[in-house]
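Notes follow the structure.
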Amino acid sequence: MKIVQIIQSETRDACEKLFSFTPQDRQIQVQLTNKDFEGQLTVVVFPLTKQAKLAPEACGEKLGQYFAEHVPEITGYNIIKGFLNLTIADRYWSDAVQQALKTGNYGFSEPDSKPLVLVEYSSPNTNKPLHLGHLRNIFLGYSVAEILKAAGHQVKKVQIINDRGIHICKSMVAWKHFGKGETPESSDMKGDKLVGKYYVAFDRRHKAEIAEEMEDGLTKEEAEKNAPIMREAQQMLQRWEQKDPEVVELWQKMNGWVYKGFDETYAKMGVDFDHLYYESETYLKGKQEVARGLEEGIFFQKEDGSVWIDLSDEGLDQKLLQRSDGTAVYMTQDIGTAIQRNDDYPQISKVVYTVGNEQEYHFKVLFAILKKLGYEWAENCHHLSYGMVELPEGKMKSREGTVVDADDLMDEMIGSAQSIAEELGKLEGMSEEEQQVLYHQIGLAALKYFLLKVDAKKNMLFDPVESIDFNGNTGPFLQYAHARISSLLRKAGDNAQKNVSENISLIEAERQLALKIDRFPDVLSEAANNQSPAELANFLYELVKDYNHFYQVVPVLKEENEDLRAFRIQLSKATAVILKKGLKLLGIESPQQM
RNA sequence: GGCUCCGUAGCUUAACUGGAUAGAGCACCGCACUACGGAUGCGGAGGUUCGGGGUUCGAAUCCCUGCGGAGUCACCA
């Protein structure tokens, strides 16, 4: 049994025997001992004092005595104010580390032992390339999915591709006008970039036309709608919904270019999906639901034919579900997609939508609508919301043109990794190809770790220079620690297999490191519960810091006492194992040499 | 304006969900080590946790209020 659980259950027993009451779980608080005091784990006695009818110190003293007498794993205690600090037996730590090494997939739960969770992430529009904002989304969604898997859930990674709508029509119209038949091949351009170029071209023309119309006396709003190129895009959307062959063919062609480009980008990111959903395949289901809701009086129709829902009784507004010209909007297809997924996977226990916090309102509305439509599983839908990524120069927003392209950023990170690695010159014996792989691993680690270590709900600032700095709380710093331990383990040979005698005496640095190793399974399940890669990332950083400290203060391979040497090698190995698995859950590779 | 989220050292951030003297990294100053990989470790300085009230044994965390920032309230997605 884990030491934390032992302490919890012994505290309960002690309360029953000493004070004649049974505490609630929440009254038993075990936390890490503050580093200024002796001990590794601490029981907070305040919550118990009232029912124990004792002052905090006296209460702690009684508990401490009880532990010293009844619990072999506890060898000492001290009380500071209302905190009972416990010193755990060295024997426990050495056993725990050996146990961790013997356990296959240490920290992970039995695969598929928990119900199915769908994790949606990325969800791109097919009218432009992926950018910095997508990176946070994609790394976050991927990592949450991997963490849930590690915690034993069945997981499907899904993506909804927003492949239809006015946005793609804009690119299509612009390509028809200005494209002169340009293709990714003819221009040697990635397909998503090419289509993005025409989206920008549309916008430029649209703005010019608005200016003209406004000179003719129209208001800005009127001009925006009335601009010829915009009207053309809207007509194209209607023709698309009517399955006009010419429009459909162009749509397929341009989307095909985009998918090819996305696939390349996803491959570079190292992420994947189990099931792709296309808005073009689910929006009709959404429209059916809109029709049904209208019939049943859940929705209502305005004079112009547009369909709405009134959610003002829930503190929300009225929301459009279908345009007056009969075409579908974003909400329409999201309704259809949600239903489709539950049809595909009836055993779903939860759906996680990884989408930026600017869409919080949208998802509130969506879930409310699904509930009104009578779908009880609406309760299981969860919006995993994350904050904006800003850059040092100012905010990054796609509509304002200051986008940072995902491919460009990744390439830049890989380039930085290369120049730093070359300068350090430690890659002897690696082939050119291996080196390229390594630069990629390091560059992506810097990027992923930096984006994931911050609490998802916060807006964050991405500083490319700081992220690749290999000191401090960064991905490459963790990778380096792993590479260094790997090197040490290569030299250690089979020493790690040796059983350690029972009576070694440890120093505090070793206990602290063992404590971290012991806690890993709990941290992992907490990260899963909270859908928080950041918790895992910060734990790994703490682990590495404790390891580096340990590594600095005692010899490992040069230790003369055989038992101690073996134990230290095991500590190193357990650290490396956890580090590698933990980083993997963040989507980060752990090279052997760097 | 309504609603939601955020505000912690110069900068980037953490705080086990209400627990000890609010931890770290970067930058700055200093130190250790023939180092098992220095992409290291140790120390110093740097905080009225945006201001003001309240709740309690105890508040960065919960409540009220003011200020500041972001998002949203589209026949965009």
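Naming convention: chains lettered A, B, ... in sequence-line order (proteins, then strands); numbering from 1 in each chain.
Using a 4.0 Å heavy-atom cutoff across all strands shown, A:Gln479 reaches no nucleic acid atom at all. Across all strands shown, A:Lys35 has heavy atoms under 4.0 Å from sugar-phosphate atoms exclusively, and none from any base. Residue A:Tyr541 is classed as a sugar-phosphate contact, given heavy-atom separations below 4.0 Å to backbone atoms only. Counting non-hydrogen atoms under 4.0 angstrom, A:Gln322 reaches nothing in the nucleic acid. Across all strands shown, A:Gln592 has heavy atoms under 4.0 Å from base atoms, whether or not it also approaches the sugar-phosphate. Looking at heavy-atom distances under 4.0 Å, A:Gln31 makes contact with a base. Looking at heavy-atom distances under 4.0 Å, A:Leu424 makes contact with a base. If you check every strand for non-hydrogen atoms under 4.0 Å, A:Lys545 touches sugar and phosphate atoms only. At a threshold of 4.0 angstrom between heavy atoms, the contacts of A:Pro56 with the nucleic acid are absent. Contacts of A:Asp463 with the nucleic acid, taken as non-hydrogen atoms under 4.0 Å apart, are absent.
In this structure, of B:rG37, B:rC76, B:rA77, it is B:rA77 that holds the atom nearest to the side chain of A:Asn162. The side chain of A:Gln359 has B:rA77 as its nearest neighbour among B:rA77, B:rC16, B:rC36. Minimum atom distance to the side chain of A:Ala483 is reached by B:rG37, of the listed B:rC76, B:rG19, B:rG37. Proximity note for A:Tyr330 (side chain, C-beta onward) versus B:rA77, B:rG19, B:rU72: the nearest is B:rA77. For A:Pro47, the listed nucleotide lying nearest its side chain is B:rG19; candidates were B:rU40, B:rA20, B:rG19. Here B:rG19 is the nucleotide among B:rA77, B:rC16, B:rG19 with the atom lying nearest to any side-chain atom of A:Gln29. Considering only side-chain atoms of A:Lys81, the nucleotide from B:rC3, B:rA20, B:rG41 that sits closest is B:rA20.
Taking atom CG of A:Asp317 as the reference point, atom C1' of B:rU72 lies 10 Å away to the nearest angstrom. Rounded to an integer number of Å, the gap from CD of A:Gln512 to P of B:rC42 is 13 Å. The CG atom of A:Asp163 sits 13 Å away from the C1' atom of B:rA77 (whole-angstrom rounding). In this structure, the NZ atom of A:Lys170 is 6 Å from the C1' atom of B:rC76, given to the nearest Å. The CG atom of A:Asn357 sits 9 Å away from the P atom of B:rG71 (whole-angstrom rounding). A:Phe46 places its CZ atom 12 Å from the C1' atom of B:rU56, with the value rounded to the nearest Å. Spacing between atom NE2 of A:His482 and atom P of B:rC36 amounts to 20 Å, rounded to whole angstrom units. Here B:rC5 presents its P atom at 9 Å from NZ of A:Lys457, a figure rounded to the nearest Å.
Only the P atoms considered, B:rU61 is 16 Å distant from B:rC5, to the nearest whole Å. To the nearest whole angstrom, the two P atoms, one in B:rG10 and one in B:rU49, are 12 Å apart. Here the separation of B:rG52 from B:rU8, taken at their P atoms, is 16 Å to the nearest Å. Nucleotides B:rA74 and B:rU12, compared at atom C1', are 36 Å apart to the nearest Å. Rounded to the nearest Å, the gap between the P atom of B:rU17 and that of B:rU13 is 23 Å. Atom C1' of B:rC50 sits at a distance of 7 Å from the matching atom of B:rG68, rounded to the whole Å. Using P as the reference atom, B:rC29 and B:rA22 are 27 Å apart when rounded to the nearest Å.
Counting non-hydrogen atoms of other residues, nucleotides and ligands closer than 6.0 Å to CZ of A:Arg490 gives a total above 12.
In this model, a side-chain donor or acceptor of A:Gln552 finds a partner on the base of B:rU40 within 3.5 Å. A donor N or O paired with an acceptor N or O is found under 3.5 Å between the base of B:rA20 and the side-chain atoms of A:Thr42.
Taking every heavy atom of both residues into account, A:Glu38 and A:Asn78 meet most closely at O-ND2, 3.0 Å.
Judged purely by distance below 3.5 Å, without hydrogens or angles, the side chains of A:Ser572 and A:Tyr547 pair a donor atom with an acceptor atom.
Every residue two or more places apart in sequence or in another chain that forms a salt bridge (charged side-chain N to carboxylate O under 4.0 Å, His left out) with A:Glu508 is listed here: A:Arg511.
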Worked verdict on A:Phe550 versus A:Asn548 for side-chain contact (heavy atoms from CB on, under 4.5 Å): CA-CA 5 Å; A:Phe550 152 82; A:Asn548 284 348; over 6 Å; no
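Using the six-membered ring where Trp is involved, A:Phe367 and A:Tyr353 have ring planes that are tilted, between 30° and 60° apart. Ring geometry for A:His362 versus A:Tyr330: interplanar angle under 30°, hence parallel rather than tilted (30 to 60°).
Checked against the 6.0 Å centroid criterion, the rings of A:Phe83 and A:Phe46 qualify as a close aromatic pair.
Note on A:Lys128 versus A:Asp192: no salt bridge recorded, every NZ/NE/NH1/NH2 to OD/OE distance being 4.0 Å or above. A salt bridge is absent between A:Lys580 and A:Glu589: the closest approach of a Lys/Arg side-chain nitrogen to an acidic carboxylate oxygen does not fall below 4.0 angstrom.
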Between the protein and nucleotides 7-14 of chain B, which nitrogen or oxygen pairs come in under 3.5 angstrom?
| unit_1 | atom_1 | unit_2 | atom_2 | d |
| --- | --- | --- | --- | --- |
| B:rU13 | OP1 | A:Leu461 | N | 3.0 |
| B:rA14 | OP1 | A:Asp455 | N | 2.9 |
| B:rA14 | OP2 | A:Lys458 | NZ | 2.8 |

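Once the 5.5 Å centre distance and the 30° plane angle are applied, the aromatic ring of A:Tyr361 is found not to be stacked with the base of B:rC73.
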